[in-house]
Amino acid sequence: MEETFTASVPDLPEDFGVADDDGNIPSIDGILEKPDATPLVFYQGERMIGGAVVIINDDNNNILDLLFIDLNCLDKGIGYKAWLEIEKKYPHTKTWTTVTPPCLVRNVHFYVNKCGFNIIRKDDPKSPDAMFVFQKVMT
């Protein structure tokens, strides 16, 4: 996971809030400390190739908090297959919501053009930490 996120750092604005006081990217620990966070892991054979963290709400308006794929597995359709597995695992979902920085064009393309999300707003549009908010309405 850290390698995947570290690879995105050059695409972020210099003052984007990804680094902590030590200059490290955030760890998954902060995400997993949320009481309602559900971690998922993706394997190919016996090798872990990615993971996700989802928040499943009582009203079935769920959140994709994190999705990552091993850098060696990019451009092979694995991220999309992982997303489809998440959708299958939670068939009662009404909506999925997630966020990503607008400057991570690869992520924006993935969510909109591959997974069927729509951009519903841009949080903090004047901030270097601006985020696109995506939503997918399930049928």
Side-chain angles (χ1 to χ4, degrees):
M1 180 198 81
E2 290 178 3
E3 289 175 3
T4 300
F5 286 104
T6 300
S8 297
V9 170
D11 296 330
L12 297 171
E14 189 174 304
D15 50 356
F16 191 83
V18 296
D20 62 19
D21 293 338
D22 299 327
N24 297 317
I25 62 165
S27 73
I28 197 169
D29 296 335
I31 293 169
L32 291 177
E33 289 173 3
K34 296 177 182 177
D36 47 1
T38 302
L40 305 170
V41 181
F42 308 114
Y43 286 90
Q44 191 170 52
E46 296 197 13
R47 180 173 164 245
M48 185 181 127
I49 57 169
V53 176
V54 296
I55 297 174
I56 306 303
N57 295 307
D58 291 338
D59 65 359
N60 288 316
N61 292 299
N62 300 327
I63 299 168
L64 173 64
D65 216 8
L66 175 72
L67 175 64
F68 67 94
I69 300 298
D70 184 301
L71 290 174
N72 297 314
C73 297
L74 295 179
D75 297 324
K76 297 178 182 174
I78 293 172
Y80 180 63
K81 289 177 188 173
W83 173 249
L84 292 178
E85 289 301 316
I86 292 170
E87 286 186 353
K88 274 196 252 178
K89 185 169 177 63
Y90 302 100
H92 300 294
T93 299
K94 293 178 185 174
T95 62
W96 283 103
T97 304
T98 194
V99 299
T100 201
C103 58
L104 295 183
V105 176
R106 181 182 184 93
N107 289 4
V108 173
H109 170 76
F110 174 75
Y111 288 121
V112 172
N113 297 320
K114 296 285 185 179
C115 299
F117 282 77
N118 292 300
I119 300 169
I120 59 170
R121 71 177 178 275
K122 186 175 183 182
D123 283 350
D124 294 326
K126 295 180 181 182
S127 166
D129 296 339
M131 299 291 268
F132 277 157
V133 179
F134 300 86
Q135 186 177 67
K136 181 173 184 177
V137 177
M138 306 303 290
T139 55

Exercise. Walk me through it: do Ile119 and Val112 pass the test side chain to side chain contact (heavy atoms under 4.5 Å, CB included)?
Key: CA-CA 8 Å; Ile119 300 169; Val112 172; 4.1 Å; yes
Is any side-chain heavy atom of [X] less than 4.5 Å from a side-chain heavy atom of [Y]?
X: Asp75; Y: Arg106; value: yes
X: Thr98; Y: Ile63; value: no
X: Ile78; Y: Ile49; value: yes
X: Leu67; Y: Phe42; value: yes
X: Leu74; Y: Asn72; value: no
X: Val54; Y: Lys89; value: no
X: Phe132; Y: Tyr111; value: no

Quiz prompt | Contacts of type salt bridge (charged side-chain N to carboxylate O under 4.0 Å, His left out), residue Asp59, not counting sequence neighbours | solution =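 Asp59: no salt bridge (charged side-chain N to carboxylate O under 4.0 Å, His left out) contacts found.
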Has [X] got a side-chain atom pairing as donor or acceptor with [Y]'s backbone, closer than 3.5 angstrom?
X: Asp123; Y: Ala130; answer: no
X: Ser127; Y: Asp129; answer: yes
X: Thr100; Y: Val108; answer: no
X: Lys136; Y: Cys115; answer: yes

Common cluster, [X]/[Y], ILVMFWY with side-chain heavy-atom separation under 4.5 Å:
X: Phe134; Y: Met138; value: yes
X: Ile55; Y: Val133; value: no
X: Ile56; Y: Leu64; value: yes
X: Tyr90; Y: Tyr80; value: yes
X: Leu84; Y: Ile86; value: yes

Practice problem: Give a yes or no on whether the ring-centroid distance for Trp83 and Phe117 is below 6.0 angstrom. | Solution: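 Centroid distance Trp83-Phe117: below 6.0 Å, so yes.
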Quiz item: Just by distance, with hydrogens left out, do Asn60 and Thr93 show a side-chain donor and acceptor under 3.5 Å apart?
Solution: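 No.
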Quiz item: Given the rule in the side chain to side chain contact (heavy atoms under 4.5 Å, CB included) test, do Asn61 and Lys94 qualify, once you have shown the distances and angles that lead to the verdict?
Solution: CA-CA 5 Å; Asn61 292 299; Lys94 293 178 185 174; 3.6 Å; yes
Self-check item: Working for side chain to side chain contact (heavy atoms under 4.5 Å, CB included), residues Lys114 and His109
Solution: CA-CA 7 Å; Lys114 296 285 185 179; His109 170 76; 4.0 Å; yes
Quiz prompt | Contact list for residues 42-52, test side chain to side chain donor-acceptor pair (under 3.5 Å), sequence neighbours left out | solution =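 Listed once each, the pairs are Arg47-Asp70.
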